[in-house]
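Note sheet for the following structure.
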Protein chains: 4
Amino acid sequence: MEKGDKPADKRGAILDAALRLIAERGFHNTPVSMIADVSGVSAGIIYHYFDSKDELILELYRTVKLDMLQSMTDGYSNDLSYRGRFDLLWVNAIRHVISHPDAAAFLEQFESSSYMEPTLPEDCVAEIDLVMGFFADGVAAGVLKDLPTPVLLSLSIGVAASLVKQHLAETLVLDDDLSAAAADACWDAIST
Amino acid sequence: MEKGDKPADKRGAILDAALRLIAERGFHNTPVSMIADVSGVSAGIIYHYFDSKDELILELYRTVKLDMLQSMTDGYSNDLSYRGRFDLLWVNAIRHVISHPDAAAFLEQFESSSYMEPTLPEDCVAEIDLVMGFFADGVAAGVLKDLPTPVLLSLSIGVAASLVKQHLAETLVLDDDLSAAAADACWDAIST
Amino acid sequence: MEKGDKPADKRGAILDAALRLIAERGFHNTPVSMIADVSGVSAGIIYHYFDSKDELILELYRTVKLDMLQSMTDGYSNDLSYRGRFDLLWVNAIRHVISHPDAAAFLEQFESSSYMEPTLPEDCVAEIDLVMGFFADGVAAGVLKDLPTPVLLSLSIGVAASLVKQHLAETLVLDDDLSAAAADACWDAIST
Amino acid sequence: MEKGDKPADKRGAILDAALRLIAERGFHNTPVSMIADVSGVSAGIIYHYFDSKDELILELYRTVKLDMLQSMTDGYSNDLSYRGRFDLLWVNAIRHVISHPDAAAFLEQFESSSYMEPTLPEDCVAEIDLVMGFFADGVAAGVLKDLPTPVLLSLSIGVAASLVKQHLAETLVLDDDLSAAAADACWDAIST
DNA sequence: AATGAATGAGCCTTCATTCAT
DNA sequence: TATGAATGAAGGCTCATTCAT
């Protein structure tokens with residue numbers, strides 16, 4: 001498996017179906033049998049690829065989270081100014097989430113639920129480090145306020161997440177202009 | 001029986017137990033029978049006070065949300081400066097949530113789930129108006145940035161919520177100093 | 001009680017409500033609490049008048065059955081010819097049932113169910129005897145066919161019941177003419 | 001397992017058990033779990049074969065009704081005289097019901113209850129037409145009285161049903177002689 | 001007599017998981 | 001690998017009945 005052969009990518013099909021269904025219906029309104037139906041496999045085989053429904057969801061989280069972090073850090077480089085790096089993270093994050101609303105809904109739900117394991121997926125270490133590094137370096141360079149990294153995160157990426165959430169709930173229209181204005185405001189929040 | 005205790009406020013006991021259990025275990029891991037056990041009543045009587053489990057949860061939401069909004073707006077007055085009003089809302093919100101972690105966990109979970117009815121409880125109108133009014137007035141007065149109210153909310157109250165969430169998850173220690181520093185940062189974000 | 005005083009005829013009100021509700025909804029779709037609501041009493045008091053729901057239904061059966069038999073034999077006299085007596089029973093039965101559709105529906109349901117106790121209510125003995133006597137006398141007199149009384153009953157009253165049932169189900173319009181024609185046919189069936 | 005037995009016809013076993021239990025105990029005294037126990041399956045699997053308890057009962061009705069009608073019309077032919085055809089229907093009906101008392105009890109209960117859907121099962125159309133045709137043709141030929149078909153049905157098949165019901169209740173012994181005598185009486189009722 | 005809150009057993013149904021094929 | 005019938009443990013909810021008042 002994992003070879004790339006299309007015919008047998010059942011595992012991927014299962015994860016896709018699970019993402020779509022859970023995003024729309026929630027964990028507990030998404031029976032394993034429904035994931036099986038939608039992904040075109042039998043219920044039994046799901047237990048060949050995943051140990052349990054919970055394990056399937058956890059694995060889905062890892063996949064989706066990694067994807068998100070990779071998109072967000074795409075093109076990141078220390079050659080950019082701090083503001084430039086911030087803007088890149090901001091724009092990437094917003095674009096990715098807006099174009100992957102199921103992923104956003106799933107992450108939101110997952111991270112607000114008791115499924116949440118406090119630790120982040122291991123594969124994401126590089127991307128995480130990069131983002132954390134941005135804030136640490138910015139503080140050290142005196143460009144960013146001297147606040148704990150989690151606070152700076154809440155003041156920037158957290159806000160972006162909140163705005164996209166409202167966009168997806170259609171209680172706010174987040175176009176490029178508004179996104180840029182919000183980025184400015186966040187920069188005011190975190191920069192010295 | 002139980003003379004000294006509250007005079008058989010079963011309804012209240014049920015809501016209390018539900019809040020505690022759901023905050024810890026989630027809606028779907030909290031059977032009605034468990035709520036009954038913890039609140040010391042029979043399972044059947046719950047359906048005397050509430051039409052269904054969902055209705056119980058919705059009612060709990062209304063109660064908890066109203067409580068939260070009332071705490072947050074306690075002492076609010078247009079006599080205060082904009083910054084003063086902002087600080088009051090900020091401090092009230094953070095204090096209330098930190099001292100009511102179950103309520104916070106419940107609200108977070110509820111508002112990220114499909115239980116969420118898009119409309120806010122009717123009893124909260126006054127408090128909501130007050131908060132919204134703060135932002136609208138501030139923009140009109142040129143004190144706050146000319147951004148849509150939801151964006152200003154995300155940049156301020158949203159950040160507070162995020163910080164408290166991390167505090168409760170014990171990934172951040174949110175003492176008064178840090179809270180004040182974060183409030184400063186948010187003020188930078190929203191003020192002109 | 002039983003004095004005739006209107007104010008306190010709760011027992012009657014309960015039976016009335018039970019008849020109406022059970023006729024429309026069936027035994028098992030008619031909770032005791034609903035009978036209480038409709039009859040304007042509390043659920044608890046029903047157990048003062050009746051030992052149990054089953055006993056209430058049994059009592060209702062006795063009442064309704066007696067009423068039916070009394071109507072059917074009203075005006076009966078051995079002075080009439082056999083055919084005259086038959087017509088009287090026929091017309092009485094059909095009239096009563098058509099004007100008491102709830103009673104009919106209830107009896108039908110009761111007598112087809114496992115609630116049915118094989119013995120008839122004791123208060124009806126006189127009326128029963130009268131009807132049975134009609135058939136026995138008719139056979140003895142050579143006017144009616146020499147068949148067991150239950151068979152003669154099925155061939156006459158049983159048919160009337162069946163016709164009224166269809167009338168109430170609106171699958172047949174049973175006017176006086178058709179009723180008379182059917183009575184003629186039944187008379188052909190039972191007479192020598 | 002259970003090698004010799006029928007090859008795991010669970011669906012049939014469920015219907016059989018349901019028929020037996022419901023005939024004896026009524027719909028509402030027959031929990032799904034009891035049907036499962038008696039038919040030797042788990043409760044859950046019943047919902048694999050039927051959408052709900054109600055659907056199971058409806059399906060049972062269709063099966064039993066079709067079986068009944070097929071037995072009743074077995075050997076029917078327009079080559080027979082009207083009286084011959086009547087006797088065939090009569091004898092078939094009585095034999096079938098007497099040898100299938102559970103089916104009779106179930107049908108009686110079902111058709112007197114609010115489960116009854118006014119329309120007959122679709123699969124029975126041919127048999128129904130045949131029986132209705134008998135009466136219509138007989139009237140047209142001047143052999144039967146000019147009464148609406150439902151009335152003629154009540155006067156004949158309805159009586160047969162009533163007699164068998166009494167037989168099963170052991171309030172009447174319906175042997176072949178008595179059955180024949182009753183058929184004669186019914187013929188008197190419907191023929192010109 | 002009367003109320004109606006309270007109980008608790010039992011019912012229908014769902015669904016994660018297993019297993020024979 | 002793959003299927004899908006089968007299991008069985010819960011879960012939400014109803015309702016006959018009781019009991020403190």
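- A:Asp67 CG to A:Leu19 CG: the interatomic distance, rounded to the nearest 0.5 Å, is 9.5 Å.
- Evaluation of the ring-ring contact (aromatic ring centres under 6.0 Å, His included) rule for A:Phe110 yields A:Tyr61, A:Phe106 as partners, not counting sequence neighbours.
- Residues B:Glu111 and A:Lys165 have side chains not in contact (no heavy-atom distance under 4.5 Å, counting atoms from C-beta outward).
- Between the CD1 atom of B:Ile14 and the C1' atom of E:dA5 there is a distance of 11 Å, given to the nearest Å.
- Across the protein-nucleic acid pair, B:Ile22 atom CD1 and F:dG11 atom P stand 14 Å apart, rounded to whole Å.
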- Query: Using a cut-off of 4.0 Å between protein heavy atoms and nucleotide atoms, how would you tag nucleotides 11-16 of chain E 5' to 3' with B, S and -?
  - Reply: SSBBSS

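- For the pair D:His48 and F:dA5, the criterion of a side-chain N or O lying under 4.0 Å from OP1 or OP2 is met.
- The side chain of A:Tyr49 sits closest to F:dT1 out of F:dT1, E:dT3, F:dT7.
- Here F:dA16 presents its P atom at 15 Å from CD of C:Glu55, a figure rounded to the nearest Å.
- Straight-line distance from the CG atom of A:Asp37 to the P atom of F:dA5: 11 Å, rounded to whole Å.
- DNA chain F is contacted by both A:Val41 and D:Ile46; A:Val41 maps to the nucleotide lying nearer its 5′ end (nearest heavy atom per residue).
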Show me the donor-acceptor pairs, under 3.5 Å and distance only, between side chains in residues 27-43 of chain A and residues at least two apart or in other chains.
from, atom 1, to, atom 2, distance (Å)
A:Thr30, OG1, A:Gly26, O, 2.6
A:Ser39, OG, A:Ile35, O, 2.6
A:Ser39, OG, A:Ala36, O, 3.4
A:Ser42, OG, A:Ile45, N, 3.3

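- Taking the side-chain hydrogen bond (donor to acceptor under 3.5 Å, both in side chains) definition, one finds that A:Gln109 meets it with nothing, sequence neighbours left out.
- Residues that satisfy the side-chain hydrogen bond (donor to acceptor under 3.5 Å, both in side chains) test with B:Tyr115, not counting sequence neighbours, are B:Asp54.
- We find that CZ of B:Phe50 is positioned 15 Å from P of F:dT14, with the value rounded to whole Å.
- Every residue two or more places apart in sequence or in another chain was checked for a side-chain hydrogen bond (donor to acceptor under 3.5 Å, both in side chains) with C:Lys53, and none qualifies.
- The CZ atom of C:Arg25 sits 13 Å away from the P atom of F:dT14 (whole-angstrom rounding).
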- Item | Secondary structure of DNA chain F in dot-bracket form (Watson-Crick or G-U wobble, distances below 3.5 Å, | marking inter-strand pairs) | .||||||||||||||||||||

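- Between A:Lys10 and F:dA2 there is a side-chain N or O to OP1 or OP2 distance below 4.0 Å.
- Going from atom CE of B:Met34 over to atom C1' of F:dG12 covers 14 Å, rounded to whole Å.
- Residues meeting the side-chain hydrogen bond (donor to acceptor under 3.5 Å, both in side chains) test with A:Ser112, sequence neighbours left out: B:Glu108, B:Ser112.
- For D:Glu55, the side-chain contact (heavy atoms from CB on, under 4.5 Å) partners two or more places apart in sequence, or in a different chain, are D:Asp51, D:Ser52, D:Leu58, D:Arg62.
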